[in-house]
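A, B, ... follow the sequence lines: proteins, then strands. Residue 1 opens every chain.
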Amino acid sequence: METAAFDLSTLNPEQREAVLHEKGPLMIIAGAGSGKTRVITSRVAHLIQTGLYPSRILAVTFTNKAAKEMRARVEAMIGDAARNMWIGTFHSTCARLLRQEGEAVGLSRDFVVYDDGDQNTLIRDILKSKGLEEKSIQPRALLSEISRAKEKLLTPEQYAATASGYFEKIVAQVFPVYNRTLAKANALDFDDILLMAVRLLQEGKEVREKMQERFEQVMVDEYQDVNFAQYKFADILSAKHKNITIVGDDDQSIYGWRGADLSLMLRFTSDHPDAKIITLDQNYRSTKQILDGAYSVVRHNRGRNDKKLWTQNTGGSLIQIGEAGTEQDEAMLVADTVLREVRAGRKKWGDFAVLYRMNAMSRVVEEAFVTMRIPHILVGGQRFYERKEIKDMIAYLRVVLNSADDVSVKRSLNTPSRGIGQTSVQKAEKWAADKGATLFETLANTAFQQELQKKQLSGINSYIGLIEDAAHLAKEGRITPVLTHLMKSSGLLEELRAERTEESQSRLENLQELVNVTTNFDNDPETEKTLGAFLESVALSADTDSLNESGDSVTLMTLHSSKGLEFPAVFLMGLEEGVFPHSRALDSNTEMEEERRLCYVGMTRAKEDLYLTFARRRSTYGQAKFNPQSRFLGDIPRDLTDPMVGSSPSVSPVSSTRTVHLERSGTYSLSEPDQPRQRPSWTPPFQVGQKVQHKKFGLGIVIACAPLRNDAEVTVGFPGDVGVKKLVQSLAKLESVS
DNA sequence: TACCAGACTATTTTT
DNA sequence: TAGTCTGGTA
């Protein structure tokens, strides 16, 4: 980290220009590794040094981690004055605004934030109550459609007006109910936080003018990832002074599936015809081979701003390509390479990152690393705040804060078991719906209680007593006593301790960790000491926030979570058609372009060494698959690559000539020579690349063969509309054509 | 109410 | 394969 004040002389001309720009809209197109963060922080420092009050700067990012880093770096340059800046994520900034001014749009200060899990339970309940549950509607799909609508700032009415087709009609039906339920529970989902903040600014003239006046400089980082609501938020706030700076890279847009809209980046220049545009294309991170390789993958995308990164760093090794028999072999190849480099003293464990397309792929790597005793940390996967026991306790805390939160009442009511089952809950829900009361009010209502059996009644009373005691404790301001009281008196601790299994032990540890979190919160002088503030910090935080160089270990994570990071050596695994690019992207142009960008992001994480690996055979969902190697590998010019040491090619790439396959296919069996297996070896009926004749489809080329009991599943590519087919040999009766 | 077996279904996830 | 969900039964 830079500790001295910033030094203009170490910046390149474009960077300097961006830093010194003072008035008017500015767009910085910042390629990977082009010193973006340095430019933004220097710019902030420069503005403050030229007399701007820090409190008049708003800087928004997408992650808490980025926000934290930005603040720390500015502080290092200009000292404590940086504290008064508004630096935060879109969500935390909007939530802050809503807590301050939200009452103007009828929002209570004590709103809770619903995460994906809560949204899911809510939507399921609604589907059930509408009798729509078995109509093959996936709650997830529904939620993402609603989310998409909210990101566009659409009201349920506006959505309904344009809804067409079966699915959209259902969404139109559910959407308003979903919103009403949230409102009744005094809850906001992630999208609401943005939406309500924008609405507040649009409708509340006074608030709007106050905020517009206040923020003389507005900066948005990672602009390629903004959605419409976020765009609007920044747009309104910067409308008065017009000093908006956006920083982004269209080649690194990998969150399209989450509503990020790349076209908003283009829109910036039409919104602000006078905008200054600066492109940072000198890369300070990677070697030329890595940059050229990455470029050869993204350049296939249409409609991108062509921008080729350059570097003065022309040394370094070629991109290394590793081929393995199975995914286990692939993982071992990675492990071996790491081990060799570390033993040779060329690298430390912490210099390596292993990136993959799906979290599920981490397991094999972990296994290999464990057997080879390679220290590693796994990023992502099951998140702390999504663990059951943590969510349970959070649910309790939320009820203490806001008893209208029905979702949390339902979750906590019978955990641990108080003998209150589905039937009782349904009874209470019905009663609540009839009387227009909240669930909690209903449970406490004497008239309702008379309808209950003794057992249920005593359970409910002990629940209510527990919440009331906790609410009393909460008035004192510290969170930890409330939490520990709830854990003890609910009997949850007791239950877990009694279980004495490995799982219960780990749950107890997680709960202990939660106590640590609240203790830190209680002792942190910076935080507002209320339960609401604590719950908000929980809802708006991600695990990766705390991801720092935690010791000297290899980092394992998905390509998505690697964005913004860099490592001396990077492995990109699973470069196979159907894995990366992901199978879901194979028939969609837009998604394929996003996969390409994802590959670009992954490759440009590497500073010195980049390894791309694939396996010929991979089991997916318990089924063996022979995927052809990824098209991305084919995009990289040969003179930039080198086979990895230990790579075991046996079949040449699909694109090469057939004769090669025929010669080598003898070894093409399930029992890899280096890893003997118990299973009898299986000989595929055809070789990959072999021409075959099908009665109906005609001539085709074998792409893959997989064993299928006493049969074989043959994947064949046919020309024209027929495309790729999976055929069972005994039925398809494919004949080989020489 | 609670538990178990079988069915079902599978990206990515900054907040 | 593995984790989640559902429905049937004790």
Side-chain angles (χ1 to χ4, degrees), chain A residues 60-68 88-95 113-117 119-120 124 128 133-134 136 138-140 143-144 147 151 188-194 221-222 224-227 229-230 252-260 327 355-361 363-364 379-383 385-386 388 414 416-425 453 455-456 459 536-545 547 557-565 574 578-586 588 591 594-595 597-599 601-602 618-625:
Chain A
V60 260
T61 60
F62 276 83
T63 65
N64 292 303
K65 196 175 160 222
K68 224 187 264 173
T89 63
F90 271 104
H91 292 267
S92 69
T93 308
C94 290
V113 179
Y114 273 10
D115 68 14
D116 319 346
Q119 293 179 51
N120 218 300
R124 275 162 193 278
K128 229 176 258 176
E133 51 190 325
E134 72 270 75
S136 72
Q138 291 194 314
R140 275 222 330 243
L143 275 171
S144 85
S147 172
E151 278 159 0
L188 300 183
D189 64 19
F190 284 129
D191 300 309
D192 284 333
I193 296 176
L194 301 173
D221 193 12
E222 305 277 13
Q224 75 279 354
D225 290 333
V226 298
N227 62 36
Q230 290 161 333
Q252 292 190 70
S253 157
I254 54 173
Y255 284 102
W257 52 274
R258 258 184 116 269
E327 74 259 47
L355 311 181
Y356 34 80
R357 181 66 239 265
M358 288 175 284
N359 275 123
M361 293 167 69
R363 226 194 63 202
V364 207
V379 177
Q382 166 78 284
R383 279 186 271 184
Y385 289 114
E386 275 165 22
K388 186 186 173 303
N414 204 32
S417 174
R418 291 189 181 86
I420 307 158
Q422 235 181 2
T423 336
S424 315
V425 173
Q453 316 251 318
K455 187 175 156 210
Q456 276 72 264
E536 178 176 309
S537 81
V538 165
L540 300 185
S541 81
D543 280 9
T544 33
D545 292 348
L547 167 72
M557 64 186 153
T558 63
L559 286 149
H560 281 88
S561 25
S562 76
K563 199 176 80 171
L565 306 175
V579 176
F580 189 32
H582 193 272
S583 53
R584 298 276 279 256
L586 295 180
S588 150
E591 287 186 50
E594 190 150 304
E595 296 288 305
R597 292 192 291 266
L598 190 55
C599 187
V601 166
R618 178 179 302 274
S619 11
T620 356
Y621 312 137
Q623 283 257 303
K625 286 265 160 60

Novice: Base, sugar-phosphate alone, or nothing: which one does A:Gln422 contact when heavy atoms must sit under 4.0 Å apart?
Specialist: sugar-phosphate
Novice: Mind calculating the distance between CD (A:Gln224) and P (B:dT14) to the nearest angstrom?
Specialist: 16 Å
Novice: Quick one: A:Lys625 NZ to C:dT1 P, roughly how many Å, whole number?
Specialist: 13 Å
Novice: Mind listing the N/O atom pairs, protein and nucleotides 8-11 of chain B, below 3.5 Å?
Specialist:
from   : atom 1 : to       : atom 2 : distance (Å)
B:dA10 : OP1    : A:Gln138 : NE2    : 2.5
B:dT11 : O4'    : A:His582 : NE2    : 3.2
B:dT11 : O4     : A:Glu591 : OE1    : 3.1

Novice: By salt bridge (charged side-chain N to carboxylate O under 4.0 Å, His left out), which residues pair with A:Arg140, not counting sequence neighbours?
Specialist: none
Novice: Would you classify A:Phe90 as touching base, sugar-phosphate or nothing, given that sugar-phosphate means primed atoms plus P, OP1 and OP2, and contacts are heavy atoms under 4.0 Å?
Specialist: nothing
Novice: With A:Ala539, which residues qualify under side-chain contact (heavy atoms from CB on, under 4.5 Å), at least two apart?
Specialist: A:Val113
Novice: Round to a whole Å and report the spacing from CD of A:Glu222 to P of B:dT14.
Specialist: 13 Å
Novice: Return the polar atom pairs (N/O with N/O) between nucleotides 2-5 of chain C and the protein under 3.5 Å, or none.
Specialist:
from  : atom 1 : to       : atom 2 : distance (Å)
C:dA2 : OP1    : A:Arg363 : NH1    : 2.6
C:dA2 : OP1    : A:Arg363 : NH2    : 3.4

Novice: Can you tell me how far P of C:dG7 sits from NZ of A:Lys128, to the nearest Å?
Specialist: 9 Å
Novice: Just to be sure I understand the rule, does A:Ser424 reach a base, reach only the sugar-phosphate, or reach nothing, if contact means heavy atoms closer than 4.0 Å?
Specialist: sugar-phosphate
Novice: Would you mind reading off the distance between A:Ile254 atom CD1 and B:dT12 atom C1', rounded to a whole angstrom?
Specialist: 8 Å
Novice: Less than 4.0 angstrom between a side-chain N/O of A:Thr423 and OP1 or OP2 of B:dT1, yes or no?
Specialist: yes
Novice: Mind checking side-chain contact (heavy atoms from CB on, under 4.5 Å) for A:Asn359 and listing every partner two or more places apart, or none if nothing turns up?
Specialist: A:Tyr356, A:Thr558
Novice: Have a look at A:Gly419 and say if it touches a base, only the backbone sugar-phosphate, or nothing, with a 4.0 Å heavy-atom cut-off.
Specialist: sugar-phosphate
Novice: Quick one: on DNA chain B, does A:Leu559 or A:Gly421 contact a more 5' nucleotide (nearest heavy atom)?
Specialist: A:Gly421
Novice: In terms of base orientation, is B:dT12 syn or anti, with the syn window spanning 90° either side of 0?
Specialist: anti
Novice: For A:Leu540 and B:dT13, give me the distance from atom CG to atom P, rounded to whole Å.
Specialist: 19 Å
Novice: Write down the distance between NZ (A:Lys563) and C1' (B:dT14), rounded to a whole number of angstrom.
Specialist: 7 Å
Novice: Should A:Arg597 be listed as having a side-chain N or O under 4.0 Å from OP1 or OP2 of B:dT12?
Specialist: no
Novice: State, to 0.1 Å, how close A:Gly419 and A:Asn414 come at their nearest heavy-atom pair, and which atoms those are.
Specialist: N-OD1, 3.3 Å
Novice: Are OP1 or OP2 of B:dT14 and a side-chain N or O of A:Ser561 less than 4.0 angstrom apart?
Specialist: no
Novice: Closest heavy-atom contact between A:Leu540 and A:Ser92?
Specialist: CD1-CA, 3.8 Å
Novice: Once side chain to side chain donor-acceptor pair (under 3.5 Å) is applied, do any residues pair with A:Gln456, and if so which ones, sequence neighbours excluded?
Specialist: none
Novice: Can you check the A:Asp225 CG to B:dT12 C1' distance for me, whole Å?
Specialist: 13 Å
Novice: Check A:Ala66 against A:Thr61 and note the closest heavy-atom contact, atom names and distance.
Specialist: CB-CB, 4.0 Å
Novice: How would you list, by chain and number, every residue that makes a salt bridge (charged side-chain N to carboxylate O under 4.0 Å, His left out) with A:Glu595, sequence neighbours excluded?
Specialist: A:Arg357
Novice: Rounding to the closest angstrom, what is the interatomic distance between B:dT12 and C:dC5 at atom P?
Specialist: 16 Å
Novice: Would you please name every residue forming a salt bridge (charged side-chain N to carboxylate O under 4.0 Å, His left out) with A:Lys455, sequence neighbours left out?
Specialist: none
Novice: OP1 or OP2 of B:dA2 sitting under 4.0 Å from any side-chain N/O of A:Ser417?
Specialist: yes
Novice: If the condition is side-chain contact (heavy atoms from CB on, under 4.5 Å), which residues does A:Ser588 pass it with, not counting sequence neighbours?
Specialist: A:Thr590, A:Glu591
